[in-house]
Number of protein chains: 2
Amino acid sequence: MSKPRSAALAPDSAAEAGDDRGLPEDAIYEQIHHAVARQDLAPGTRLREEELRRIFNVSRTRIRNVLTRLAYAGVVTLEPNRGASVARPTPKEAHDNFIARRAVEEAIVRLAAARVTPADLARLEANIDAECAARQAGDQTAMVWLSGEFHTLLAEIAGNTILARILRDLITREALVIATYERQGKPSCSHEEHSAILAALQRRDADTAARLMLEHLGNVEDRLYFDPPERDTDLSRIFGRLEKGGAG
Amino acid sequence: MSKPRSAALAPDSAAEAGDDRGLPEDAIYEQIHHAVARQDLAPGTRLREEELRRIFNVSRTRIRNVLTRLAYAGVVTLEPNRGASVARPTPKEAHDNFIARRAVEEAIVRLAAARVTPADLARLEANIDAECAARQAGDQTAMVWLSGEFHTLLAEIAGNTILARILRDLITREALVIATYERQGKPSCSHEEHSAILAALQRRDADTAARLMLEHLGNVEDRLYFDPPERDTDLSRIFGRLEKGGAG
DNA sequence: ATGGCTCGGATTGTCGACAATCCTATGAGA
DNA sequence: TCTCATAGGATTGTCGACAATCCGAGCCAT
């Protein structure tokens, strides 16, 4: 969050992002999408075309296309003549996102319960272990990413491409919601809950898995802080107070 | 379906589509999206940029942007160096779409049951009446559109923008599925089922409404015909038959 | 000092031209 | 007659340049 934008977009493998010429459009899309999901790009961050063009070493046309798609995914907002910036969800959008995600995740976990294989269970367990390790190492970024990855894995196991695609965007937007509205202590996902879901899947108990998933997602929402609905609302409230109480 | 493409895209109000200069991008997007939802654009129809440019009287850049977005929505497919064509869902995609839609619609109808107002009920009833009228008039296009509109109305009533947006794309893609796999007699939606859902909403009976909705959507899928999974599979099957039975 | 105005730099929006690619029609050869 | 190669037209992909718009700095009047 505090690192410069170019660092957020040119991750560990710097050569892949900056050096290679003609990086395909999809790869650029993925990098930005991923950077938002990792919370490396904070909500509201401006995404200047020229800057992105230099980072990815492509023409502005490509960048423009990518931004158009990201806007459709709800990851960035596109204001006319003002350019693109990382989306800053309103409380309403945040709430809608949670509700949508609950619906999609319930369907996915039920499908997954019916199709899960031992190999799948092993992958899920590995993910939980990795998240635990990240938690103990205090690596907040890795934790957020891995706990999202757990859900992506479930979508893959469920085997429904359309739901997986939808969930991907919902998860990334939820990362923006969390980044915007999190309280001080920010335990975004608890690995115990993931473990419980895994156990239910192991028993192919779709109903329990679905119930646990809904509780899990509800817990995430409860940990957020929505009270000051908008930053700019402060102004109008102050104005109202001045009018009512009298300032002169 | 049998009318020329330009007619499909320049509907009743021809002036709006062809004459006005500088039609905004969103409007072009809507027109194409809508034309697909109405089944005026058959699956697989090629969408040449030059042709669209002439129809909407804008530059190719705009058309290109619109096609990019439609591809993201899954309404058109974009093959490199081959251009755009209306999506032709595979049986797998069709099935995934039905499952996704069931999940989204269940969530929506439950939300709608909790929030529905008398005015909303009236709007839903008007929609059902219009669909009945279209059915008696034998207007297949209007029927398909109105029966989809019923679900769009529900999404609006539910008040969740994200789910509404998702459902919109799912419905349009389902129109493509139906156009691809429908049997001879094609009663795509039964207004009795819509009426039953409406009655449940009137009682604010979310569980019943959800159950009816799922049955309703399941019925739609059951009316389709998936047996010949792909057109090009025929070739390999014929080849296999020649090999086995001997053709010389 | 404050509020409004103007101007310059920076950024985005749009377009036309050119390069790259693909499909089709044509004709030579077996 | 059939297959293969080739040339031509048609279509898409890419880029750079210019126009339109916006933001902020600096100046002027009050």
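Each chain gets a letter, A, B and so on, in the order the sequences are listed, and its residues count up from 1. Computed from a predicted structure; not experimentally measured.
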Spacing of B:I63 atom CD1 relative to C:dG16 atom P, expressed in whole Å: 14 Å

Footprint string (nucleotides 8-14 of chain C, 5' to 3'): B base within contact, S backbone only, - free, heavy atoms under 4.0 Å: ---SBBB

Atom pairs and distances, side-chain donor-acceptor, residues 74-86 of chain B, under 3.5 Å, sequence neighbours left out:
from: B:T77; atom 1: OG1; to: B:S85; atom 2: OG; distance (Å): 3.4

Residues forming a salt bridge (charged side-chain N to carboxylate O under 4.0 Å, His left out) with B:R53, sequence neighbours excluded: B:E50

For B:A164, all residues meeting side-chain contact (heavy atoms from CB on, under 4.5 Å), sequence neighbours excluded: B:A155

Those residues that, when tested against A:R60, pass salt bridge (charged side-chain N to carboxylate O under 4.0 Å, His left out) (two or more places apart): A:E49

Results of side-chain hydrogen bond (donor to acceptor under 3.5 Å, both in side chains) for A:N97 - residues two or more places apart only: A:R173

